[in-house]
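Working notes, beginning with the structure itself.
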There are 2 protein chains.
Amino acid sequence: MAERGFAGTGIAAISKASGLPASSIYWFFDSKDDLAAAVLERAMDRWVAMLEEVKGDAAPQKRLGAFMRRALAEIGDRLPLFLRLEMILALERGPHDAAIRERLQRGRDTGRDLLAQALAGAFEGIDDADRLAKELAPLAIAMAQGVMLGHELDPDGIDLDRFTEELAIGLRAIAEHRVGGKDP
Amino acid sequence: MAERGFAGTGIAAISKASGLPASSIYWFFDSKDDLAAAVLERAMDRWVAMLEEVKGDAAPQKRLGAFMRRALAEIGDRLPLFLRLEMILALERGPHDAAIRERLQRGRDTGRDLLAQALAGAFEGIDDADRLAKELAPLAIAMAQGVMLGHELDPDGIDLDRFTEELAIGLRAIAEHRVGGKDP
DNA sequence: CTTATTCTGTAGTGAATGCTACAGGAAGAG
DNA sequence: CTCTTCCTGTAGCATTCACTACAGAATAAG
């Protein structure tokens, strides 16, 4: 589904790929939409679990880089499947399926909270670091997702390893700019 | 198609929405894939035309901001349809359709060149501004696309107007960092 | 006018779509 | 063993899918 989209993936294909008989699929799930929502939930939980895990291991200042490196480790030539799934379902089903929208919202909220903490670490020394981190977390996530997508579409144009450090640098500059346009 | 994906949009629906009879669709296009490729091409041409237009109007230093503002003007609550189309086709058909991949590549190349010039303007005063602008253009595009997508999914989390200025600030910080980690 | 070209309406192809009905097997509980 | 709950296999539903064949209308060219 992450590779062919929601409409492009038939129940028969899901059945074959999973080994679960088609009739069983409709025992466990009410509909194809319901299945997609469940799959999306699993995918987002995995995202969150990954971030939580890193959170325990890395000191606040290094945490943003650690997040990025961990996400990176999940990427070969392909976007991690669950990021692909998230985007494709958001674009394809979001406008038509409220359950999907709600799941996306929940995932975004927890992701934002986790990233805000990491960002606060990267904003060390700036006034109001916590508030700025909260404000900028959604921007940071959007940027990172865009860059990962860009990397999948054209791996040569973007150096993900470098971006791992540079995201923090760019965001810090933006935060400094917000706190007052003057440099020390 | 931008709203329901490639597989989610039937020929009949296209026919009804466009007024063009289904049989005529197959007179003008060889297949649904062919149609999608043509539609994508139109969409990307419109992107490029938009950038070219701005290029003539804005001085180099202001050009990045002007690009962003112009793209922004295209957005209401929805991502501009052609950006949505680009992403959805890239994710859904990219892995399976070489013609789509080629079109995406061409669009990216021209987009990168145009943006590199605008970025060079924003990097004024930095050594090697031109080279850095070329290097960072794909990153800038990816960031901007990610942010626009993020805005569509959750309009409250991201302030697009602010991002218009802040993208340049963040990228400039990254460029400065690349040219040598020291600040004056 | 005639002729040639471009497009459309009608009808229908086989295959695949999401989903249901339901009988019966598998497995655990007592 | 029986009984109950959980799952699966078979068959089939109506609908939609991308696509084709083709006769003839519309349009343009001479």
Side-chain angles (χ1 to χ4, degrees), chain A residues 1-46 81-82 84-104 107, chain B residues 1-46 81-82 84-104 107:
Chain A
M1 200 184 275
E3 276 179 0
R4 319 189 82 95
F6 174 80
T9 309
I11 298 290
I14 297 174
S15 166
K16 190 148 74 174
S18 65
L20 193 65
S23 60
S24 299
I25 291 179
Y26 281 96
W27 171 262
F28 291 106
F29 305 97
D30 291 343
S31 65
K32 197 186 168 188
D33 293 79
D34 185 39
L35 193 168
V39 167
L40 179 60
E41 184 145 28
R42 290 263 297 192
M44 310 247 306
D45 283 350
R46 217 175 121 190
L81 282 184
F82 52 95
R84 233 176 183 284
L85 188 74
E86 189 195 327
M87 288 185 172
I88 224 167
L89 283 181
L91 287 168
E92 190 182 351
R93 295 305 300 162
H96 314 288
D97 187 332
I100 294 284
R101 280 200 300 275
E102 186 217 333
R103 250 87 171 187
L104 289 167
Chain B
M1 199 186 268
E3 274 179 2
R4 319 191 80 98
F6 173 81
T9 310
I11 297 288
I14 297 174
S15 165
K16 190 150 73 175
S18 66
L20 193 65
S23 60
S24 299
I25 291 179
Y26 282 97
W27 171 262
F28 292 107
F29 305 97
D30 291 343
S31 65
K32 198 186 168 189
D33 293 81
D34 185 37
L35 194 169
V39 168
L40 179 61
E41 185 146 25
R42 289 262 299 193
M44 310 249 305
D45 282 351
R46 216 174 122 191
L81 282 183
F82 52 95
R84 232 176 183 285
L85 188 74
E86 189 194 329
M87 286 183 172
I88 223 167
L89 283 181
L91 286 168
E92 190 181 351
R93 296 304 300 161
H96 314 289
D97 188 330
I100 294 285
R101 278 199 303 275
E102 187 218 333
R103 251 86 169 185
L104 288 167

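Lettering of chains follows the sequences in order, A, B, ..., and the numbering in each one begins at 1.
For B:Arg42, there are no side-chain hydrogen bond (donor to acceptor under 3.5 Å, both in side chains) partners two or more places apart in sequence or in a different chain. Take A:Ser15 and apply the side-chain contact (heavy atoms from CB on, under 4.5 Å) test, not counting sequence neighbours, and it matches A:Ala22, A:Ile25. Every residue was checked against the side-chain hydrogen bond (donor to acceptor under 3.5 Å, both in side chains) condition with A:Arg4, not counting sequence neighbours, and none meets it. Every side-chain contact (heavy atoms from CB on, under 4.5 Å) that B:Glu41 has, sequence neighbours left out, goes to B:Asp45, B:Arg103, B:Arg106. Shown here are the ring-ring contact (aromatic ring centres under 6.0 Å, His included) partners of B:Phe29, two or more places apart in sequence or in another chain: there are none. Under the side-chain hydrogen bond (donor to acceptor under 3.5 Å, both in side chains) criterion, B:Glu3 pairs with B:Arg78, sequence neighbours left out. Among residues two or more places apart in sequence or in another chain, the side-chain contact (heavy atoms from CB on, under 4.5 Å) test is passed with B:Tyr26 by B:Ile11.
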N/O to N/O distances under 3.5 Å, protein versus nucleotides 3-7 of chain C:
{"unit_1": "C:dC7", "atom_1": "OP2", "unit_2": "B:Trp27", "atom_2": "NE1", "d": "3.2"}

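For B:Asp34 and D:dT20, the CG to C1' distance is 16 Å, given to the nearest whole Å.
Within the structure, side chain to side chain donor-acceptor pair (under 3.5 Å) pairs that include any residue of residues 92-101 of chain A comprise A:Asp33-A:Arg93 (at least two apart or interchain).
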What does the B/S/- profile of nucleotides 18-24 of chain C look like, 5' to 3', with a 4.0 Å heavy-atom cutoff to protein? SBB----
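Annotated stems with DNA chain D as a participant read C:2-13 with D:18-29, C:15-29 with D:2-16, given as range with range, by first number; only runs of 3 or more Watson-Crick or G-U pairs under 3.5 Å qualify.
A distance of 10.0 Å separates CG in A:Leu104 from CD in A:Glu102, rounded to the nearest 0.5 Å.
Under the 4.5 Å side-chain criterion, counting only non-hydrogen atoms from C-beta, B:Phe6 is not in contact with B:Ile88.
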